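These notes concern the structure reproduced below.
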Number of protein chains: 2
Amino acid sequence: MARRATTDGKAGTRGGGRTVTSYDVAQRAGVSQSAVSRCFTTGTSVSPQTRERIMKAAAALGYQPNAIARSLTTKRSNLVAVVVANLGFNPELTATLSRLFASRDLNLLLFTLDHEEDADRVVNQLWQYRVDGVLSATHLPRGHIEQLAKRRVPVVFLNRVYDDIAVNSVCCDQVEGERWLVDRLWAAGHRRFAIVSGPDSSLVSRQRVSGARDRIAALGGDEPAVAIGDFTYDGGRAAMRALAAEARRPDAVICANDMMAIGCIDEIRLEMKLKVPKDMSVVGFDGAAPGRWGSYALTSVRQPVDVMIEAAIDMLTARVDNPAMATEKRVFSGELQIGVSARLG
Amino acid sequence: MARRATTDGKAGTRGGGRTVTSYDVAQRAGVSQSAVSRCFTTGTSVSPQTRERIMKAAAALGYQPNAIARSLTTKRSNLVAVVVANLGFNPELTATLSRLFASRDLNLLLFTLDHEEDADRVVNQLWQYRVDGVLSATHLPRGHIEQLAKRRVPVVFLNRVYDDIAVNSVCCDQVEGERWLVDRLWAAGHRRFAIVSGPDSSLVSRQRVSGARDRIAALGGDEPAVAIGDFTYDGGRAAMRALAAEARRPDAVICANDMMAIGCIDEIRLEMKLKVPKDMSVVGFDGAAPGRWGSYALTSVRQPVDVMIEAAIDMLTARVDNPAMATEKRVFSGELQIGVSARLG
DNA sequence: CTCTTGCCTGCATGCGCATGCAATGTTAGG
DNA sequence: CCTAACATTGCATGCGCATGCAGGCAAGAG
């Protein structure tokens, strides 16, 4: 009956202890291995009494189905690769992701991308593990995106959009958010704008910057000075230092994210010895936690992170079930978060 | 020859596209599947010309070995479960981990634990995926630790120690760090100490608190007032508010971590309208990034996170290779980080 | 009472790869 | 030139589970 001896004491060894397999449970329950398998698979028919006996045997032996073996046959790993950039990634992001994944029986394989060259390694790894999908909060090289598409691995981008290729994405309306900020600053009388951008390689940064700049132009304002940051606190301080050296001191600084806005505020207060927002207004973008701290109380645009992540996971799982589904972009509006870092109208 | 038709166009399907297997590569290269397998396994002998032909065929087909199938036979998944607490976890932690894992060909399965009840789910999942080891930066219930030990899954704790069971751990010397802080504060003339602890359930918090309290007592100081926080900014503010209501206003506040110290500083400055450190000194513990921001410049004890994580991974991999290895504790000294949030002697 | 359905169940097999074993070719030593 | 030792290679098999298929059984229809 048995295809092999289940008591050879060698197979299934792991550092000395045998692992319990469905065969062991089957034997103890006096049923076939298939019955055990069916018992742990949803949507299969097992009689109540059989199920009970199997469950009892399983509990007695401490049996847990081997997800690895399972995914070998089902071609579903229940693993989702999450790719984030090392620098300045949102700490709440992974926590939220993990929580939402758990409720969907998905597991999170985390990759961080320090440099673009790492993309090779990451894409290889996630392919080798046959992840069901990829959720990327960072830019991925075109070639790799195409490769994943060819292999039919669904990919959803979080706050990364590509204008030249069709990819699934969930993002926050950057342009709209910046428009809100500029409008309010303008209404309060600000006319000398400065912008602290993120790196040029970041499309989100470019969108936010052009969103702000375009609105300023539309309102008839002067072309703002731009300093380039790197999305970090130190980058924000350095950018502010650069702006301070300019001939015409700005009265409103628009930062491409909250971390840099915080850096700017510290630079303004501690080095330039000016008051925020009396002497200079500062606004950010993101809704990061430290921006809400009392010392900063940033005026910013809060991204609905939870909603966005939930939407991303939904998009992803839908495409895991149906890989042919059309690519889609979902854009959520942010929420104006009014603090005291800017004089507003 | 072939055990099955590799061209049936059905097996290996994934949403329509066939996946490339070692059989396909073997066929194209005119060798056996074993040769392909050996070619992708280190420590096996394949002649240079065979290897070249196989590699060429593999590249042409875009073949990547299936890690799932591999781990089914090797009983090594190259997956390490990382368990972190949702609240107040160190964002740099996961980034550093991910980076160090990549250099060791390990992959990171991330789990976050909101509530202790989730431990069941998490331990089940990581067991089902047959992870090679577990790295936990949060507390795990005794029962689960024992279960993992019985299953011979190596576990290493980061900054969590257990005094009643033998577990592997890497931590920072909390007591020593607090002693340094207290000594310096004492030398500067502080005598009215207050302590902001973390939750009672946190052993790290208890160690830090008793480290500080014991040193104060040893120096002959009065018993400090204690307010309980939750390791968050808001928790720190609330705790400081509670301390401010006490009859005897402290001149030095010792916080169990940096986030709460930041909260305390904001509360002192913004609500109590006092100066830090002129009117009150504040110290933290961790070396968190925001603590180094100009507005706070926390005096704290920096934990050597990189070194600790590296040590943890080393401990873990050593035990993956040799599960019988004795349990071990490695304690690293922190580094006194002097800011301007405290008057020091 | 017989035949048809439908529900459970076991059997056999495959998922993609690693590996022990045997067979082959290769080279060195005598 | 012959034999031993070695380096490669292929074959067969198993890892643990899911699933198509067919057999068995009970209930319902005629």
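Owing to the predicted nature of the structure, the values given are computational and were not obtained by experimental measurement.
Between His139(A) and Tyr162(A), the ring centre distance stays below 6.0 Å.
Across all strands, Ser37(B) comes closer than 4.0 Å to base atoms (heavy-atom distances). Across all strands shown, Thr50(B) has heavy atoms under 4.0 Å from sugar-phosphate atoms exclusively, and none from any base. Val46(A) comes within contact range of the sugar-phosphate backbone alone, with a heavy-atom separation under 4.0 Å but no base atom that close.
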Could you write out each protein N or O paired with an N or O of nucleotides 20-26 of chain C at a distance under 3.5 Å?
from, atom 1, to, atom 2, distance (Å)
dG20(C), O6, Arg38(B), NH2, 2.8

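Using five terminal pairs a side, the axes of the helix from dC1(C)-dG30(D) to dG30(C)-dC1(D) at its two ends make an angle of 40°, given in steps of 10 degrees.
Straight-line distance from the CZ atom of Phe40(A) to the C1' atom of dT19(D): 17 Å, rounded to whole Å. Regarding Tyr23(A), its OH atom lies at a distance of 9 Å from the P atom of dC17(D), rounded to whole Å. Computed from coordinates, the Gln27(B) CD to dT9(D) P distance equals 19 Å when rounded to whole Å. Look at CZ on Arg70(A): it is 19 Å from P on dC15(D), rounded to the nearest Å. Spacing between atom CD of Gln49(A) and atom P of dA26(D) amounts to 12 Å, rounded to whole angstrom units. Nucleotide dC8(C) holds its P atom 19 Å from the CD atom of Gln33(A), rounded to whole Å. Rounded to whole Å, atom P of dG16(D) lies 15 Å from atom CD of Gln128(B). Distance, Ile54(B) CD1 to dT8(D) P: 13 Å, rounded to whole Å.
Between Gln128(B) and Asn66(A), the side chains place no donor N or O within less than 3.5 Å of an acceptor N or O (distance only, hydrogens not considered). Side-chain contact of Ser71(B) with Ser77(B): a donor-acceptor pair under 3.5 Å is absent, judged by distance alone.
In this structure, Ser22(A) reaches the dC17(D) phosphate: one of its side-chain N or O atoms is under 4.0 Å from OP1 or OP2. In this model, the phosphate group of dC17(D) is not approached by any side-chain N or O of Thr74(A) to a distance below 4.0 Å at OP1 or OP2. The side chain of Thr73(B) places no N or O atom within less than 4.0 Å of a non-bridging phosphate oxygen (OP1 or OP2) of dC15(D). Proximity of Lys75(B) to the phosphate of dA18(C): no side-chain N or O atom is located under 4.0 Å from OP1 or OP2.
Screening residues 40-80 of chain B for ring pair (Phe, Tyr, Trp, His ring centres under 6.0 Å) gives Phe40(B)-Tyr63(B) as the qualifying pairs, with residues at least two apart or on separate chains. Within the structure, the ring pair (Phe, Tyr, Trp, His ring centres under 6.0 Å) test picks out no pair touching residues 93-116 of chain A (sequence neighbours left out). Within the structure, the salt bridge (charged side-chain N to carboxylate O under 4.0 Å, His left out) test picks out the following pairs touching residues 306-318 of chain B (sequence neighbours left out): Arg99(B)-Asp306(B), Arg104(B)-Glu310(B), Arg104(B)-Asp314(B). Pairs engaging residues 138-150 of chain B under the salt bridge (charged side-chain N to carboxylate O under 4.0 Å, His left out) rule: Arg142(B)-Asp164(B) [sequence neighbours left out].
Taking Tyr129(A) as the reference, nothing meets the ring-ring contact (aromatic ring centres under 6.0 Å, His included) condition, with sequence neighbours excluded. Applying the side chain to side chain donor-acceptor pair (under 3.5 Å) criterion to Asn78(A), with sequence neighbours excluded, gives no partner residue. Residues satisfying the side chain to side chain donor-acceptor pair (under 3.5 Å) criterion with Ser47(A), sequence neighbours excluded, are Thr50(A). For Asn322(B), there are no side chain to side chain donor-acceptor pair (under 3.5 Å) partners, not counting sequence neighbours. For the side chain to side chain donor-acceptor pair (under 3.5 Å) test, no residue two or more places apart in sequence or in another chain qualifies with Asp118(A).
Scanning residues 57-68 of chain A for heavy-atom distances under 4.0 Å to DNA chain C yields an empty list.
Shown are Leu148(A), Leu109(A), Leu79(A); of these, the side chain to side chain contact (heavy atoms under 4.5 Å, CB included) with Leu126(A) is made only by Leu148(A).
Comparing Ala69(B) and Ala35(B) by the nucleotide of DNA chain D whose heavy atom lies nearest to each, the residue mapping closer to the 5' end is Ala35(B).
For Leu72(A), counting side-chain heavy atoms from C-beta on, the closest listed nucleotide (dC15(C), dG10(D), dT19(C)) is dC15(C). Picking from dT9(D), dA18(D), dC17(D) the nucleotide with the shortest atom distance to the side chain of Thr41(A) gives dA18(D).
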